[in-house]
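Here the structure comes first, spelled out in structure tokens, and everything after it is commentary.
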Amino acid sequence: MNGKGERFLKDVLDRFDEAAETLNLDEGLREFLKTPKRVVTVSVPVKMDSGCVKVFIGYRVQHNNARGPYKGGIRYHPDVTLEEVTALAMLMTWKTAVVDLPFGGAKGGVKCNPKEMSRSEIERLTRRYTAAIADVIGPHIDIPAPDVYTDPQTMAWIMDTYSQLKGAPTPEIVTGKPVHVGGSEGREEATSYGVAVCVREAAKKFKIPFKNASIAIQGYGNVGYNAARILHDWGAKIVAVSDSKGGILCRDGLIPEKVMEHKKKTRSVVNFQGAENISNEELLELDVDFLIPAAIEEQITIKNADRIRAKVIVEGANGPTTSEADKILAERGIKVVPDILANAGGVTVSYLEWVQNLQRFRLSREEVLKRLDDKMVKAFDEVLEYSSRYEVDMRKGALLLAVHRVAEAVNSLGIWP
Ligand code: NAD
């Protein structure tokens, strides 16, 4: 087993096995839940701007739909493999179950390098990929969304292609669309809002004063910046942030909007006036109340876990903490609010977008965020309840809760034919 995708899939399956063991699931049900219900591989021929034709490989893996239609993003990346997409599809099943959405889990991907492609090449790729999977997706079957290097524009192309094929406007086929073609208010900051709710709830439950709580955030993109903005608005103190070029520290607190203005001008948060430059490694090891990794995977590892000094880690990013690091953090009493709970705000608002599309009505931003807040608080409490019932950390508690919910649904439905 050499590939990153294969290692990732093995890790996801191992964690599932552990949860299944704790829940005492029977062998047949374990096999059922480990195996995706449908795996689709398609070739995606695209006429490039040069006139030549290139063929890309695309996937859609539908892991489980016992709790509702499949739901999951589509990523465009040169490293996409079937194993990676399969692991991500399974994680989507657990994520939608943790926040109790009536969805299953799926993921899609096309192996390509969008950084080397023109906008019109990406549009043709998207439309052909959509046509290739059109028979297995649908508003009540499988609803895609954006992921790495796909965005609201990509979703608009998918919606249009699907609508043309079916002969009727079908906004409910994808979520994460631009607002003017049926996207939801509040979608852009949804993931960060969910992260912020987890920080607020963790402060309450772990008895850390929220007002002026010190927060360090790794990554200043969509999730990191919006989380900084919301938490600052709520009275917490953002003391450090970073991006791929490095980080900044200001113990008196940063104004997130000002840092963003600086980043827009200089393409980085580094050298922000009044703050001290620090490295990403230093940011992760700061003595703060909350650390929010909101960049990429595998940032807290066996190499730095014993130097982390945050009281609580709230995972905005997917997979920022390795399993070995988890053990060290647990021994050191550092709490981790896991990704499948902490960053589930995005898929929760995707659910609200889908419902709005199906019913042809619109919620205001305030209504969306209120519903999101309620869902996140409920999920946070349920995960804590599971972790104390089984005496495990919150990551295992979240997985136990999710697997229990999906297993219950599969058992109730039975197997037919
Ligand atoms: P983004 O591309 O908008 O931002 C990523 C940020 O991370 C950028 O500021 C980039 O400079 C920084 N970064 C990259 N490499 C880094 C490194 N080595 N060290 C420090 N910073 C680094 O992406 P995003 O949408 O904000 O997503 C961030 C994470 O959150 C990803 O793991 C993503 O899978 C996860 N996530 C995002 C959403 C969503 O709705 N956007 C939902 C769920 C999970």
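For reference, positions follow the sequence shown, starting with 1. Since this is a predicted model, take the numbers as computed values, not measurements. Atoms within a ligand are numbered from 1 in the order they appear, just like the ligands themselves.
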I need the nearest protein heavy-atom contact for [atom]: residue, atom name and distance, please.
{"atom": "atom 9 (O) of ligand 1", "value": "Y220 N, 3.0 Å"}
{"atom": "atom 24 (P) of ligand 1", "value": "V223 CG2, 3.9 Å"}
{"atom": "atom 42 (C) of ligand 1", "value": "T191 OG1, 3.3 Å"}
{"atom": "atom 18 (N) of ligand 1", "value": "I296 CD1, 3.5 Å"}
{"atom": "atom 34 (O) of ligand 1", "value": "N318 ND2, 3.1 Å"}
{"atom": "atom 23 (O) of ligand 1", "value": "N222 N, 4.6 Å"}
{"atom": "atom 4 (O) of ligand 1", "value": "G221 CA, 3.2 Å"}

Q: Determine whether M376 and V99 make a side-chain contact, defined as any pair of heavy atoms from C-beta on separated by less than 4.5 Å.
A: yes
(Q) Contact between V337 and F380 at the side-chain level, heavy atoms closer than 4.5 Å - yes or no? (A)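 They are in contact (side-chain heavy atoms under 4.5 Å apart), so the answer is yes.
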Which atoms of ligand 1 sit under 4.0 Å from any heavy atom of [X]?
{"X": "N280", "result": "19 (N), 20 (C)"}
{"X": "A295", "result": "7 (O), 13 (N), 21 (N), 22 (C), 28 (C), 29 (C), 31 (C), 32 (O)"}
{"X": "A317", "result": "29 (C), 30 (O), 32 (O), 35 (C)"}

Which heavy atom of [X] sits nearest a heavy atom of [Y], and at what distance?
{"X": "A168", "Y": "T170", "result": "O-OG1, 2.7 Å"}
{"X": "A409", "Y": "R67", "result": "CB-CG, 3.8 Å"}
{"X": "C250", "Y": "G274", "result": "SG-O, 4.0 Å"}

(Q) Protein non-hydrogen atoms only, distance under 4.0 Å: does atom 2 (O) of ligand 1 have such a neighbour? (A) no
Q. Can a non-hydrogen atom of S244 be found less than 4.0 Å from any atom of ligand 1?
A.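 Flag set, S244 near ligand 1.
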If we set the cut-off at 4.0 Å for heavy atoms, which region of [X] has an atom near ligand 1: side chain, backbone, both, or neither?
{"X": "Q218", "value": "side chain"}
{"X": "A294", "value": "backbone"}
{"X": "D243", "value": "both"}

Using distance alone, with no hydrogens and no angle criterion, decide if [X] and [Y] have a side-chain donor and acceptor under 3.5 Å apart.
{"X": "T161", "Y": "T130", "result": "no"}
{"X": "E298", "Y": "T301", "result": "no"}
{"X": "K375", "Y": "Y351", "result": "no"}
{"X": "N304", "Y": "R307", "result": "no"}

Q) When you look at NZ of K166, are more than 12 heavy atoms from neighbouring residues, nucleotides or ligands closer to it than 6.0 Å? A) yes
